[in-house]
Amino acid sequence: MSKSLQAIRGMNDILPEQTPLWRYFEGTVARLLDNYGYKQIRMPIVEFTELFKRSIREVTDIVETEMYTLEDRNGDCLTLRPEGTAACVRAVLEHGITGGGQVQKLWYIGPMFRHERPQKGRYRQFHQIGLEVFNLDGPDIDAELITMTWRLWGELGIRDAVKLELNSLGTSESRGRYREALVEYLSAHHDKLDEDSQRRLKTNPLRVLDTKNADTQAVLVDAPKMADYLDDESRAHFEGLKARLDAVGIPYVLNPKLVRGLDYYSKTVFEWVTDKLGAQGTVCAGGRYDGLVEQMGGKPTTGVGFAMGIERLVLMLETLEQIPEEISRQVDVYLCAFGEEAELAGLALAERVRDQLPNLRLQVNAGAGSFKSQFKKADKSGALYALILGDDEMAQQVVGFKPLRGQGEQQSIAWDALAAHLATCVVQG
Ligand code: ATP
Ligand code: MG
């Protein structure tokens, strides 16, 4: 096939058979966030490259190798957003909605772009639902974020398949002291580190903790521990968070090696991970970034947030077969009309029913067809009932009401009584 008729590698179409599950997932999250009092914000997908360089810093994987950057016709350097936090901070600062300590609890949804090696659970255009809270600095809000995701896993039926990993990175001062100690230790073992880690030792040494290389992992066993460098405030914050998770009964594992790819985190960091998706096991990740807003040029404003990968969570629902039955059925009632006159009457009847039952999923067979072929379509649609309008029904001003899933015999229903009848037999969501 010619290249112009192929999607870009790592950028996927979400086909009609997949969208019901996406919409179910997105709808479940949106309702939950509404209920907890979070408000949606929508940012552009493209920003000045400088924004991401300033917020994510040059030394992370994202800025080093993953950004889709282009020059537009004015010569401006633009980047397709690789994540949402930077744009969200830019937006709240630009509109002054976090000024004077105003609390904002925001969420967003949409595509993100990273030039990574495409594989299962890792794409170049992928989708996130993200959330950012500004000007609340206590551990109670960190706990709320985690509690909310815990509830979500419960509602989706995947709670048993995810695990919460938790760490505290301390304030930037205590992390700075730890970084120094780590660099000193790792430099003394420089030759035993893998090449990637040798490079990271110079650019972003905490990321070395995250290595998958066995030799480097062996070196790390005796490395200084972040927990020993935590300042009192961060320690108290972390204890406060753990106490709240314990109170709600949310299990977690402490992972001192959890440092997160992005450079701007402080204090709490967490990841929800699963072993059901192979190598791409992180489904939701986040943490506190109290210094970021100031680093980007705003007044000191605390922040905490997370982002979840929609593709990975949809994959989880499929893998664990947690797909609610009702989303696979998209039609309640299917109307078949035979003959020109019946078609016109059917159209009018369908509109009358829709007036009275706006949530009813009523599909009208478009185009002519034999009795048999229309019936086949009705059955294939997954509808619970077929409505039949032929010459006999026209003469008597009734409609044939035929259960398609073996729930009883066909009956005749008067046109005037149709909506009331449907209301009693179709459960509407
Ligand atoms: P990873 O370690 O898997 O690369 P990350 O730390 O780069 O993840 P974040 O920037 O924290 O990821 O993004 C939050 C979530 O977005 C991830 O936990 C994951 O679920 C999802 N995600 C990140 N990158 C991709 C991608 N390329 N394709 C699909 N989902 C992704
Ligand atoms: Mg990544």
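Whatever order the structure lists them in is the order used to number ligands and atoms, beginning at 1. Computed from a prediction, not measured in an experiment: that's the story for all the values here.
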Exercise for review: Let me see the working for Tyr385 and Phe401 under ring-ring contact (aromatic ring centres under 6.0 Å, His included), right down to the final yes or no.
Suggested key: CA-CA 7 Å; Tyr385 302 98; Phe401 178 84; 4.6 Å; yes
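When Tyr252, Phe306, Trp272 are each tested for a side-chain contact (heavy atoms from CB on, under 4.5 Å) with Ile146, only one passes: Trp272.
Interface of Gly121 with ligand 1, defined as ligand atoms under 4.0 Å from a residue heavy atom, comprises 28 (N), 29 (C), 30 (N). Heavy-atom proximity to Ala285, at under 4.0 Å, picks out these atoms of ligand 1: 11 (O). The atoms of ligand 1 that sit less than 4.0 Å from any heavy atom of Gln128 are 13 (O), 14 (C), 15 (C), 16 (O). The Thr282 neighbourhood of ligand 1 comprises atoms 17 (C), 18 (O), 19 (C), 20 (O), with distances under 4.0 Å to a heavy atom of that residue.
Considering backbone and side-chain atoms alike, Gln280 places every N or O at 3.5 Å or more from each N or O of ligand 1. Taking only nitrogen or oxygen atoms, main chain and side chain alike, Tyr123 reaches within less than 3.5 Å of ligand 1. Here's the thing with Arg312: one of its N/O atoms is less than 3.5 angstrom from an N/O atom of ligand 1.
The nearest non-hydrogen atom to atom 3 (O) of ligand 1, considering only Lys120, Glu66, Arg122, Arg114, comes from Arg122. With atom 23 (C) of ligand 1 as the reference point, the heavy atom nearest to it among Tyr265, Phe126, Phe113 is part of Phe126.
A salt bridge does not link Lys212 to Asp196: none of the charged side-chain nitrogens sits closer than 4.0 Å to a carboxylate oxygen. A salt bridge links Glu94 to Arg90: one of the charged nitrogens lies within less than 4.0 Å of a carboxylate oxygen. In summary, Lys105 and Glu144 engage in a salt bridge, as defined by a charged side-chain N under 4.0 Å from a carboxylate O.
More than 12 heavy atoms of other residues, nucleotides or ligands shown are found within 6.0 angstrom of CZ on Arg235.
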Would you list the atom pairs, donor with acceptor, under 3.5 Å between side chains in residues 276-283 and any protein atom, with sequence neighbours excluded?
unit_1: Gln280; atom_1: OE1; unit_2: Arg122; atom_2: NE; d: 3.0
unit_1: Gln280; atom_1: OE1; unit_2: Arg122; atom_2: NH2; d: 2.7
unit_1: Gln280; atom_1: NE2; unit_2: Gln119; atom_2: OE1; d: 2.9
unit_1: Thr282; atom_1: OG1; unit_2: Glu271; atom_2: OE1; d: 3.2

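Heavy atoms of Glu116 approach ligand 1 to within less than 4.0 angstrom.
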